[in-house]
Trainee: 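Supplied in C-alpha cells, the structure appears directly below.
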Amino acid sequence: DRILAACRLLPEIPFVIAGGGPLEEICRTCGLPNVRFVGFKTGKELQELVAAARFTLHLSLWYENCPLALLESQSLGTPVLCNRIGGMPELVEEGKTGILNDTFTPEAYAEKIRALYSDSALLDEMARNCRAKKESMMTLDRYCDRLVETVNRLPKDRYDVTLMTLFHDDTRAGMLSPEVHYRPALRVKNSRAQKILSGIMQYIIPPKWLYRWFFRSDADVEVAFMEAFPTKILAYSTNQHAKKYAWVHIDVQTYTKQDRLFRSMQHQKACYERFDGIYCVSENVQEAFSAKFGLTERVHVAYNMLDEQA
C-alpha cells in the first residue's frame with residue numbers, strides 16, 4: 001500500500017510490479033496509469049525485467065535476514081533502493097550498489113525514488129559497481145567450496161571428522177583432506193534419479209530409519225549444518241552419547257518451505273528440542289526462530305563460520 005501511495009505521488013515515473021500473494025489484487029486494480037502489474041514471474045522472464053530496470057525497490061517492513069531478490073538485482077547489474085532494516089544494509093554498499101532509506105512513509109519513498117531516478121550518472125556508476133560485485137558474490141558452488149575448506153582446516157590432532165551427504169559429490173570429495181572421512185548415503189549421479197530418491201527419502205521413509213540405514217555413527221558430536229532434512233534426520237539419531245547441534249541460516253518465519261517436511265509445527269519444534277544447541281547465523285535469524293517455535297534455551301548466535309578462520 002505504501003509503495004502504491006508513493007507511485008501515486010510520482011505520475012511521471014513508470015513502475016513495474018511483479019509478484020503474487022495477498023496484495024496481488026490491489027496491485028492489479030490500483031488504476032494508476034504509471035503502474036504496470038505483470039504478476040508472478042520467475043526464471044528468464046524475471047531476470048529480463050530486473051536487468052531492464054533503472055533500479056529495483058526493496059522497501060520491505062519485515063526484518064528480512066538475506067532477501068535473495070536484493071542480491072539477484074545487484075548480480076544483474078541493477079542498483080537497489082531498500083529500507084535500512086534487518087539484514088538488508090549488510091547486502092548493499094550505500095552509494096555504490098544502492099541507496100538505503102530510513103523513513104518508511106510514502107512521502108519519503110517518493111522523495112528517494114525521484115532523486116535516484118533523475119540521477120543518471122549515479123545510476124550508471126552503481127550499475128557498473130553491481131556488475132563488478134557479481135564476481136565476488138557468494139554462489140552455491142563457492143559456498144560449498146568454502147565449507148570444504150573450513151572442514152579441511154579443523155585440527156586433525158583434535159578431531160576425527162566425518163562429512164556425510166545425501167548424494168556423492170565427486171568434485172567436493174576430491175577437495176577433501178585425506179584425513180577427513182567422506183560418507184555419502186547414496187552414490188547416484190543421475191539428476192532425475194536423485195530428485196526422485198530425494199523426494200522418497202524426505203517425505204516417505206521415516207527419519208529414524210534413514211538415520212539407522214545411512215547416517216548411523218558413534219561420533220562424540222553430530223552436526224546438522226542445514227535446516228529441514230538434515231535437522232529432521234539428526235533429531236532421530238540413536239547415538240545416545242553424542243552432543244547434537246543444529247545450524248539455522250534462514251529467517252524461518254519468512255522462508256517456510258522447510259515446514260512441509262514435518263507433520264506439523266509441533267513436530268518441527270519437537271525435532272529442534274532434541275538438540276543440545278541451536279546456532280543461528282545472525283540475531284535476526286535467532287529472533288525469528290525463537291518467535292516461531294517459542295524456544296530460547298540453548299539457542300545461540302554464531303555468525304557465519306565461513307567468514308571466520310576455523
Trainee: Decide if atom CD of Glu90 counts as having more than 12 heavy atoms of other residues, nucleotides or ligands within a radius under 6.0 Å.
Mentor: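 Count not over threshold, so no.
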Trainee: Around atom NZ of Lys156, are there more than 12 heavy atoms from other residues, nucleotides or ligands closer than 6.0 Å?
Mentor: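 It does: Lys156 NZ has more than 12 such atoms within range.
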Trainee: Are there more than 12 heavy atoms of other residues, nucleotides or ligands under 6.0 Å from atom NZ of Lys96?
Mentor: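 At most 12 heavy atoms, drawn from other residues, nucleotides or ligands, come within 6.0 Å of this atom.
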Trainee: For Asp102, give me all partners under side-chain hydrogen bond (donor to acceptor under 3.5 Å, both in side chains), at least two apart in sequence or on another chain.
Mentor: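 Here the qualifying residues are Arg84.
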Trainee: For residues 177-199, pull every pair meeting ring-ring contact (aromatic ring centres under 6.0 Å, His included), keeping only residues two or more places apart or in separate chains.
Mentor: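 Only His168-Tyr182 qualify under ring-ring contact (aromatic ring centres under 6.0 Å, His included).
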Trainee: Around atom CD of Glu111, are there more than 12 heavy atoms of other residues, nucleotides or ligands at under 6.0 Å?
Mentor: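 No.
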Trainee: Hey, is Glu48 close enough to Lys41 for a salt bridge, meaning N to O under 4.0 Å?
Mentor: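 Salt bridge between Glu48 and Lys41, a charged N being under 4.0 Å from a carboxylate O: no.
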Trainee: Quick check: are there more than 12 heavy atoms from other residues, nucleotides or ligands sitting under 6.0 Å from NZ of Lys269?
Mentor: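 It does: Lys269 NZ has more than 12 such atoms within range.
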Trainee: For residues Glu179 and Ser177, is any side-chain donor paired with an opposing acceptor at under 3.5 Å?
Mentor: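 Yes.
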Trainee: Side chains of Tyr109 and Asn83: is there a donor and an acceptor less than 3.5 Å apart?
Mentor: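 Yes, a side-chain donor-acceptor pair sits under 3.5 Å.
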Trainee: Is the charged tip of Arg183 near the ring of Phe215: under 6.0 Å from the six-membered ring centre and within 45° of its axis?
Mentor: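 So Arg183 doesn't make the cation-pi contact.
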Trainee: Report, as yes or no, whether the 6.0 Å neighbourhood of atom CG on Asp218 holds more than 12 heavy atoms from other residues, nucleotides or ligands.
Mentor: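 No - once you tally the heavy atoms of other residues, nucleotides and ligands closer than 6.0 Å, there are 12 at most.
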Trainee: For Tyr117, does the six-membered ring have the charged nitrogen or CZ of Arg54 within the cation-pi criterion, i.e. under 6.0 angstrom from the centroid and within 45° of the normal?
Mentor: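 Ring-cation test returns yes.
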